[in-house]
Number of protein chains: 2
Amino acid sequence: MTPLTMKLEQCTALSEAERRRLDRLSEFPAKHFDAGDVILAEGQRVDRIHLVTDGFAARVKSLPDGLRQIVAFMIPGDLCDLEVFVLERMDHDIIAMAPTRCALIPMQEITELLTEVTTLTKALWWSTMTDLAVLRNRIVDQGRREAPERLAHLFYELLIRYRMIGMAADNSYPLPLSQTGLADAAGISPVHANRSLSLLRAERLVELDRGVVTVLNPAGLKRIAGFEAGYLHMARTEHPTNVSHRAEDLI
Amino acid sequence: MTPLTMKLEQCTALSEAERRRLDRLSEFPAKHFDAGDVILAEGQRVDRIHLVTDGFAARVKSLPDGLRQIVAFMIPGDLCDLEVFVLERMDHDIIAMAPTRCALIPMQEITELLTEVTTLTKALWWSTMTDLAVLRNRIVDQGRREAPERLAHLFYELLIRYRMIGMAADNSYPLPLSQTGLADAAGISPVHANRSLSLLRAERLVELDRGVVTVLNPAGLKRIAGFEAGYLHMARTEHPTNVSHRAEDLI
DNA sequence: CGTCGGATTGAAGATACTCAACATGAGTGG
DNA sequence: CCACTCATGTTGAGTATCTTCAATCCGACG
């Protein structure tokens, strides 16, 4: 099963046919990007949907003064530019933070999915709404929490999202960012990112080495992050019958 | 024309029939809320869509320590809970900040809109995607801009959104918030909100009196806010043929 | 071995927070 | 009409968080 399918199954159970339909999306001709490459540039018109199948990318807003702010991360299974159906151009950059592969899906393919199959329609809407919820939480973070908590929240959220797509075995997942990148994500300075990170390390909550995050104490991390399980809306993972991905199981 | 219709016309030109279809949504039985009332509570299951027809509300995330963060404002024409189609429950509160009226639209009505009429479908998607873009910008604000700039951005964005629905004549619009509310929106303390606001006043950029914002110098406000016109995606208002709502016209 | 990007540490200064006092203005009740 | 109350706005002072600038350290790599 592809990451996209695994992710959308968090919304509703899909039929075998639907699963295959979704899986096929990952097989469209892929394009490869190196770390630092711009996958989609602000202002660009897009004609094909980019589905991340491998790697790690970020939505980045660049300011005139050179500062930049990462507003979201993209991991395998994430669609970069669903918005092109209704918006003319990208209003931000998407940048590969590590070698990244994207399947290029013709828009028509998604259009068909959106009209044909209602349960898939629902799944794609779910994905969009979850993105909204994630952004709302990011705003709370940056408005009302201090730097170490923001980092903790970031680490914990990514842990959950990687689990959703089956890539967080051992509470470990890839995060190919320099501390400057972390700082961009948390809205703090690189120096402060370093110091805040040391705090989390000192408390033995999380380790970050060579682009790999290891969550040493998920419960503790979740606590200081002020993380609410609800907002990622993992309907099915909350079921006792489907325990393999549940956040609380691996504490 | 209702605010919702005016707003969605920023996306594409609508036929007379579509316009009437949308206008009808505002005529569903309304519910009234006083300032401070909770329109929708976190965790609540929703069975009817709330369309703000009058007043002013906010999406609010409350933290355990009592702090709260406003993550978005709702003005007439905004749909509060489109997300219920795919998410089980609200993941945040919606609170009236002034006397507010909401039309309660049966979910089926929206479902029909979403499947029947493709251009309306597109318009609703546009609305959702714009919400996403607004949140991305909010994150940039809180991560990378200082308090006065954040307030400036807030004031300017609301100016544009009120213009979209024809409610910002004279560069003036309602903002029924105490300075504490402003602080919640900008992610700063009430005291700091006061001081930052005095700065904007001193520069004669904006006035805020008795719940009414008056933008004295739109160009200057836009400049210090670092506001990018693009992200609200007002396709049609950027056309020279439709000048009445254009942001730059009234400077 | 030297270089280079990233990580780390120190120190000074800016932005923002908290606590606290005081002002203002709309209501309310005497 | 005045006194009182209460919410909100304003201002001051001390402190905390965070930023910036700068120096140093470290590991990867030629």
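Every chain is numbered from 1 and lettered A, B, ... according to where its sequence line falls, protein lines coming before strand lines.
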From the list A:R68, A:K61, A:Q179, side-chain hydrogen bond (donor to acceptor under 3.5 Å, both in side chains) partner of A:D184 resolves to A:R68

A:K7 side chain vs A:I165 backbone, donor-acceptor pair below 3.5 Å | no

Judged by nearest nucleotide, the residue sitting upstream toward the 5' end of DNA chain C, A:S198 or B:G187, is A:S198

Contact nearer the 5' end of DNA chain D, comparing B:G143 with B:L197 = B:L197

Look at the side-chain N and O atoms of A:R201 and state whether any lies under 4.0 Å from the OP1 or OP2 oxygen of C:dT8.
-> yes

Contact under 4.0 Å: B:R210 side-chain N or O vs C:dA26 OP1/OP2 = yes

Let me know the distance between CD1 of B:I188 and P of D:dG9, rounded to the nearest Å.
-> 13 Å

Look at all strands and tell whether A:S178 reaches a base, only sugar-phosphate, or nothing, counting heavy atoms closer than 4.0 Å.
-> sugar-phosphate

CG of B:L67 versus C1' of C:dA16: gap in Å, rounded?
-> 14 Å

When the ring planes of B:F227 and B:H153 are compared, do they come out parallel, tilted or perpendicular, using 30° and 60° as the limits?
-> tilted

A:R195 has a side chain; which of C:dG10, D:dT19, C:dC17 sits nearest to it?
-> C:dG10

Residue pair B:S26 / B:T53, side-chain donor-acceptor N/O under 3.5 Å | no

Atom-to-atom span, CZ of B:R145 to P of D:dT19 - whole angstrom | 16 Å

Pair B:R59, B:H92: side-chain N/O donor-acceptor within cut-off below 3.5 Å | yes

Considering only heavy side-chain atoms of A:V191, the closest of D:dC18, D:dT11, D:dA22 is D:dA22

Take the protein atom CG of B:L199 and the nucleotide atom P of D:dT11, then report the distance between them rounded to whole Å.
-> 11 Å

Taking only the side-chain heavy atoms of A:N194 (C-beta and beyond), determine which of C:dA7, C:dA16, D:dC18 contains the nearest atom.
-> C:dA7

Can you check the A:E149 CD to D:dT17 C1' distance for me, whole Å?
-> 12 Å

Atom pair distance, as rounded to whole Å: CG in A:L175 and C1' in C:dG6 = 15 Å

Rounded to the nearest Å, what distance is computed from the CG atom of residue B:L177 to the C1' atom of nucleotide D:dG9?
-> 14 Å

From the list D:dT11, C:dT15, D:dT17, which nucleotide is the closest neighbour of the side chain of B:E146?
-> C:dT15

Send over the distance from B:Q179 CD to D:dT11 P, rounded to a whole Å.
-> 10 Å

